[in-house]
Protein chains: 2
Amino acid sequence: MTDAVVARRPGILTNDETAPGSKSERAYTAIKAQIIRGTYTPGYRLVLAKIAGELGFSVVPVREAIRRLEAEGLVSFERNVGATVAGIDPTEYLYTMQTLSIIEGAATALSAPLIDAVEIARARAVNEEMRQCLENFDPVRFTALNQEFHGILFEHCPNPHILDLVRRGWIRLATLRSSTFRFVPERAQESVQEHSALLQLIESSADADTIERFARRHRSTTLDAYLAQATHPATEQQSGKP
Amino acid sequence: MTDAVVARRPGILTNDETAPGSKSERAYTAIKAQIIRGTYTPGYRLVLAKIAGELGFSVVPVREAIRRLEAEGLVSFERNVGATVAGIDPTEYLYTMQTLSIIEGAATALSAPLIDAVEIARARAVNEEMRQCLENFDPVRFTALNQEFHGILFEHCPNPHILDLVRRGWIRLATLRSSTFRFVPERAQESVQEHSALLQLIESSADADTIERFARRHRSTTLDAYLAQATHPATEQQSGKP
DNA sequence: CGCTAGGATATCGTATACGATTTCGAACAA
DNA sequence: TTGTTCGAAATCGTATACGATATCCTAGCG
C-alpha cells in the first residue's frame, strides 16, 4: 500500500484553544477546554467566583461564558443555584449517540462525492494505523485515530450547519471519555473492517443513500457494543467539590 | 370523515413567551420572541443600551441573552461592534433547509410508531383544513396549519435532542417568513397530498426507512419550490436604524 | 432520636461606572 | 474631487458593589 507519503493534518475535530479574544471569549474557550479535557468532569460545580479567580477575570464574563456553554448543552444551569458540567446518564448517552449517528451519516454521505483520492489514501493510512493499535493494544491512540478517520470523511461536508452538529456531537461524547467509555476489542476489530468497506463505497462513488445508511449503521453498532459492555454506566453524579 | 370531535392543542412548535424567570431569562425570551415575530428583522442591530432601555433592564442581562441567542444561531455577533439578527442569504437558507429535512425526516420516522389513531385523526383534520385554506387562498393560516401538522408528526419523537434540533430549525426558518418566503400554490397543493400519503404510511406501520425517506423528500421538495419561486431572495442586509 | 425553625454562609443576579474600541464625520491637504 | 487625519460620539467590555436567593448548619422542641 502507498503509505508514508500521505500528508497528515491536525484534523477537523481538534480544538483550537487559541483564544486571543475578549475575556468573555477566553473564559468560554477555557472552560470548554477543561470540560473536554476532563479536568471538569460531569457534575462538577462551576462556581462563578471560583472560576473567575482561577482565570483572573471578574465574574461577568465567566457567567456569560457559562450561559453560552449551557446553550450548547455542555453545561446545565439552574437559576439561583449555579451551573454544573452537564452529566450524561445512560439515556442521555443513547440519545446523543443516536443523534450523532443520524447527523454523521448524512454528513458523510454529503462529503463523499467531494473526497478525492488523496484523502482516501490518508484515511486508509489512518485506518491501517488503527489496525496496528489493536495489535499493540493502544486504546487511547486508537480512539484518537478513529476521530481523525471520521474527521477526514465528513470534513468536506458542504453544509456548515451539519458539520457543526457533528462537531458538537463528538464534543459531547468526549466529555464522557473517562466515565462511560469502555474499549471493546472485538468491536474495534469490526470497526476497522467497516472503515475499509466505507472507503470502498466512497471510492466507487456508491449512491448517497447507501453511504449514509452504512455510515449511520457503523455508528449505532458501535453504540450497541459500548452499551452492552458498560455494566452499570454510572447513574449518579459525582460531587464537584475536590 | 370524522371531524369536529378531534381535540386541538397548541402544538409543540408554538412559543411559550411565559417568562417569569430572571431578567436575563426574560431578556432572552423577549428578544427571541421579537426575532420570531419579525419585529426584529434579519440585519437589525441589537444595541445593548437600547434594548436594555426598552425592557427596563440594565445591559448585563441583555448582553447575556444576546450571547445565548448567538450560540443558538439566531443572532450574529462581532466583537466590539455589536450584534445583529442573523441574516439568511439564499445559501444559508439552503443549508438550513437541508439540515432540517434530514433531522425532521429522522424525527418523523422515530415518532411514527408512537403515533396513535387519535393523533392521526388530528393530523388528518389539520390537513383537511389546509386544503380548505388553499381554496380560500389563506396562505398565513396555511403556514400555521402546516406547522401544526408537522408538529403532530414529530412531537412524539422519543429523542429530545433530535426534537430540539427540529424546533431550532423551524425557528430559524421562521425568522425569514417575511423576507424569502413566497407562497407557491401549486406546491402547496402537492404538499397537502403528500401529507395524506405520509399519514397513510404511518398508519400502515411502514418501515422506518421508508417513512424517513418520504418525510425528508417532502421537505426538500418544498425547498426547491420556494427557491425556484423566489426571484432574487434579498442578498443585502437592511440597516437596523429606524 | 427525629424534626422544624431560624440564622449564617455561600452563591447567584444585576445595576452602575468607567475604560477600551470602533465608527462616523468634519476639516484639511493633494 | 478625492483621500487622509484627527477628534467626537456611540457602543462595547468588564470590574465592582450590593441586594436577592438558596443552602447548610445549629439549636430547640416534640
Side-chain angles (χ1 to χ4, degrees), chain A residues 18-32 34-35 40-72 74-87 236-242, chain B residues 18-32 34-35 40 42-71 74-87 236-242:
Chain A
T18 64
S22 61
K23 294 193 178 179
S24 149
E25 215 68 48
R26 279 189 282 162
Y28 170 81
T29 49
I31 298 171
K32 188 169 177 177
Q34 302 271 44
I35 294 175
Y40 294 160
T41 58
Y44 185 88
R45 269 199 82 192
L46 300 167
V47 178
L48 290 184
K50 183 158 171 276
I51 296 181
E54 286 169 8
L55 295 173
F57 301 162
S58 97
V59 294
V60 178
V62 173
R63 184 186 155 91
E64 186 180 298
I66 285 178
R67 303 280 334 223
R68 279 213 281 158
L69 289 167
E70 186 209 2
E72 280 186 43
L74 284 178
V75 160
S76 67
F77 180 92
E78 200 176 344
R79 164 140 192 231
N80 272 325
V81 173
T84 58
V85 175
E236 79 288 350
Q237 308 282 3
Q238 65 207 81
S239 155
K241 296 201 174 175
Chain B
T18 64
S22 60
K23 293 194 178 179
S24 149
E25 214 69 48
R26 279 188 281 162
Y28 170 80
T29 49
I31 298 171
K32 188 168 178 177
Q34 302 271 44
I35 294 175
Y40 295 160
Y44 185 88
R45 269 200 81 192
L46 300 167
V47 178
L48 291 184
K50 184 159 170 275
I51 297 181
E54 287 170 8
L55 295 173
F57 301 163
S58 96
V59 293
V60 179
V62 173
R63 184 186 155 89
E64 185 179 300
I66 285 178
R67 302 280 332 226
R68 280 213 281 157
L69 289 167
E70 186 208 2
L74 284 178
V75 160
S76 66
F77 181 92
E78 200 176 346
R79 164 140 191 230
N80 272 325
V81 173
T84 57
V85 176
E236 78 289 350
Q237 308 282 3
Q238 63 208 81
S239 154
K241 297 199 173 177

Could you go through A:Y40 and A:V75, starting from their C-alpha distance and side-chain angles, then the distance that decides it, and tell me whether this counts as side chain to side chain contact (heavy atoms under 4.5 Å, CB included)? CA-CA 11 Å; A:Y40 294 160; A:V75 160; over 6 Å; no
Testing the basics here: between B:P42 and B:G87, what is the closest heavy-atom pair and its distance to 0.1 Å? CB-CA, 3.7 Å
Within this structure, what is the CD-to-P distance between A:E64 and C:dC12, rounded to whole angstrom? 16 Å
Nearest-nucleotide wise, let me know which of B:F77 and A:E78 is further upstream toward the 5' end of DNA chain D. B:F77
Between atom CD1 in B:I51 and atom P in D:dA10, what is the gap in whole Å? 18 Å
Nearest whole angstrom, please: distance from the C1' of D:dT21 to the CZ of A:R79. 8 Å
Applying side chain to side chain contact (heavy atoms under 4.5 Å, CB included), run through B:R26 and B:L55 and close with a yes or a no. CA-CA 9 Å; B:R26 279 188 281 162; B:L55 295 173; over 6 Å; no
Closest approach to the side chain of B:V60, judged atom by atom: which nucleotide of D:dA15, D:dT23, C:dT23 is it? D:dA15
Pick base, sugar-phosphate or nothing for A:I66, based on heavy-atom distances below 4.0 Å to the nucleic acid. nothing
Which nucleotide sits closest to the side chain of B:R45: D:dT11, C:dT14, C:dT11? D:dT11
Quick one: on DNA chain D, does A:N80 or B:G82 contact a more 5' nucleotide (nearest heavy atom)? B:G82
Would you indicate, yes or no, if C:dA15 has its OP1 or OP2 atom less than 4.0 angstrom from a side-chain nitrogen or oxygen of B:S58? yes
With the side chain of A:V47 defined as its heavy atoms from C-beta on, choose the nearest nucleotide among C:dC12, C:dT14, D:dA15. C:dC12
State whether B:K23 places a side-chain N or O below 4.0 Å from either non-bridging phosphate oxygen (OP1 or OP2) of C:dA15. yes
Can you tell me which nucleotide in C:dC12, D:dA15, D:dT16 comes closest to the side chain of A:P61? D:dA15
Sidechain N-carboxylate O distance under 4.0 Å for B:E25, B:R68: yes
Ignoring the backbone of B:L48, work out which of D:dC12, C:dT14, D:dA22 is nearest its side chain. D:dC12
